[in-house]
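In this text, all values refer to a predicted model and were calculated from it rather than measured experimentally. Just so it is clear: chains get the letters A, B, ... in the order the sequence lines come, proteins before strands, and each one is counted from 1.
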There are 2 protein chains.
Amino acid sequence: MPKVDRRIMKTKEAINNAFIQLMSERDFNKITINDISERANINRGTIYLHYTDKFDLLDKCIDEHLGNMLNFCTSTKTGEERLNIFHSLLPMFKYFEENYLLYSSMLSNKGISCFHDKMIRMSINGINELINTGKINQEYNKDVDIQFMASAFVGTVEWWIKNDMPHSPQFMAQQLWNIFERNQLFNP
Amino acid sequence: MPKVDRRIMKTKEAINNAFIQLMSERDFNKITINDISERANINRGTIYLHYTDKFDLLDKCIDEHLGNMLNFCTSTKTGEERLNIFHSLLPMFKYFEENYLLYSSMLSNKGISCFHDKMIRMSINGINELINTGKINQEYNKDVDIQFMASAFVGTVEWWIKNDMPHSPQFMAQQLWNIFERNQLFNP
DNA sequence: TAATTTTTGTTCATTAATAAACAAAAGTTG
DNA sequence: CAACTTTTGTTTATTAATGAACAAAAATTA
């Protein structure tokens with residue numbers, strides 16, 4: 001990958017940090033480009049060099065962080081482990097815990113649904129991968145089933161984050177795993 | 001004053017922070033321009049746009065921070081208070097306490113004497129101002145006396161900083177003030 | 001000491017960020 | 001609703017920072 005100019009890295013990080021900070025303070029529709037540029041201590045015009053508007057910024061911000069999460073969950077694993085759902089469940093909860101400020105802001109923030117939507121889409125992708133590799137009980141391979149599972153899964157995770165993470169990552173991963181087992185979701 | 005480009009502000013602050021950090025870790029002559037640019041996350045060449053070499057950087061760094069100190073000691077005061085030595089002693093000790101990392105690095109660091117020299121010069125300037133305004137007992141108005149007083153004063157402050165500030169700013173200011181009174185240094 | 005590596009200070013062409021200005025859109029106020 | 005203020009998105013000329021290259025100096029190593 002061609003190395004990125006360090007000015008771009010710094011600018012983007014400043015924008016992202018400012019944005020996440022502001023998202024934890026007030027609702028998305030109360031945040032202006034002005035606010036972001038002031039908080040990030042950069043020229044307002046500079047934001048437009050990287051993002052078309054604040055919706056684009058929100059979009060890319062979520063994409064990047066969910067991408068980091070996925071990476072974190074799969075990076076240190078072998079191909080076999082990667083498809084073992086429990087080995088990914090635990091790091092996922094841990095990652096959310098470590099980035100509490102970001103994800104709780106995103107979820108508590110009125111006026112944005114794209115975070116939820118992206119979580120759903122990510123889950124569906126994950127489920128499809130498990131189906132294609134035969135890890136999942138084929139009987140669940142219908143779009144309604146997939147949607148049902150994704151909604152349940154994402155809803156549970158979101159509930160956990162929004163309610164200040166009332167259980168440990170270990171506990172949550174184990175509980176979800178138990179549910180999956182009880183429903184014979186995974187092939188042995 | 002004409003407003004400075006915000007890029008310059010950011011670059012200088014990054015350089016200064018990196019430099020102070022490094023000064024607290026190792027001796028000045030073990031610090032390279034390379035180290036500073038890496039720590040500051042800026043291009044090495046950029047340093048040369050603002051400083052001729054690392055000695056110049058050290059010099060300007062000290063000047064700036066001692067300037068801040070002077071400012072802090074005199075800013076919130078009226079003209080009368082400003083020349084009342086006790087009203088400046090206390091804030092001085094407080095300022096050093098608040099910027100402990102910086103000043104203890106400067107003093108503990110082998111290979112630099114300019115910090116001490118600048119402190120002496122600053123004290124001499126202060127004493128001269130007090131003489132010119134008649135605040136100081138005229139009998140002390142000889143260069144040897146001035147040098148004696150400045151050395152004693154600076155040496156005491158440096159001792160306090162180097163030995164991890166064994167007394168409170170209040171105590172130090174009071175003790176110094178007592179010494180001045182005992183020697184009838186100041187006119188009533 | 002000689003060979004080698006690191007650091008320095010400078011140059012260069014290129015790119016990113018800047019301040020300032022502007023009209024249009026959106027939001028707020030009386 | 002109209003007057004007003006704020007925010008937006010874009011443009012422009014200018015400046016600062018960048019990475020890369022280089023030879024010389026300094027420091028390190030054998």
Are the aromatic rings of [X] and [Y] close, with centres under 6.0 Å apart?
X: B:Phe55; Y: B:Phe28; answer: yes
X: B:Phe115; Y: B:Tyr103; answer: yes
X: A:Trp160; Y: A:Phe96; answer: no

Does any N or O in the side chain of A:Ser108 come within less than 3.5 Å of the main-chain N or O of A:Ser105, such that one atom is a donor and the other an acceptor?
no
Neighbours of DNA chain C within residues 7-23 of chain B, by heavy-atom distance under 4.0 Å:
B:Arg7, B:Lys10
Pairing of [X] and [Y] as salt bridge, 4.0 angstrom limit:
X: B:Asp59; Y: B:Lys118; result: yes
X: A:Asp35; Y: A:Lys30; result: no
X: A:Lys60; Y: A:Asp56; result: yes

Tell me, which of residues 26-57 of chain A have any heavy atom that sits under 4.0 Å from an atom in DNA chain D?
A:Thr32, A:Ile33, A:Asn34, A:Arg44, A:Tyr48, A:Asp53
Just wondering, do B:Gln175 and B:His167 contact through their side chains at under 4.5 Å, heavy atoms?
no
Whole-Å distance separating the CG atom of B:Asp5 from the P atom of C:dA19
5 Å
Between which residue ranges does DNA chain D form stems of three or more consecutive Watson-Crick or G-U wobble pairs, both distances under 3.5 Å?
C:1-30 with D:1-30
Looking only at side-chain N and O atoms, does A:Arg6 come under 4.0 Å of OP1 or OP2 in D:dA17?
no
Where do B:Leu89 and B:Phe180 come nearest, in terms of heavy atoms and distance?
CD1-CE1, 4.2 Å
Do other residues, nucleotides or ligands put more than 12 heavy atoms under 6.0 Å from A:Lys94 NZ?
no
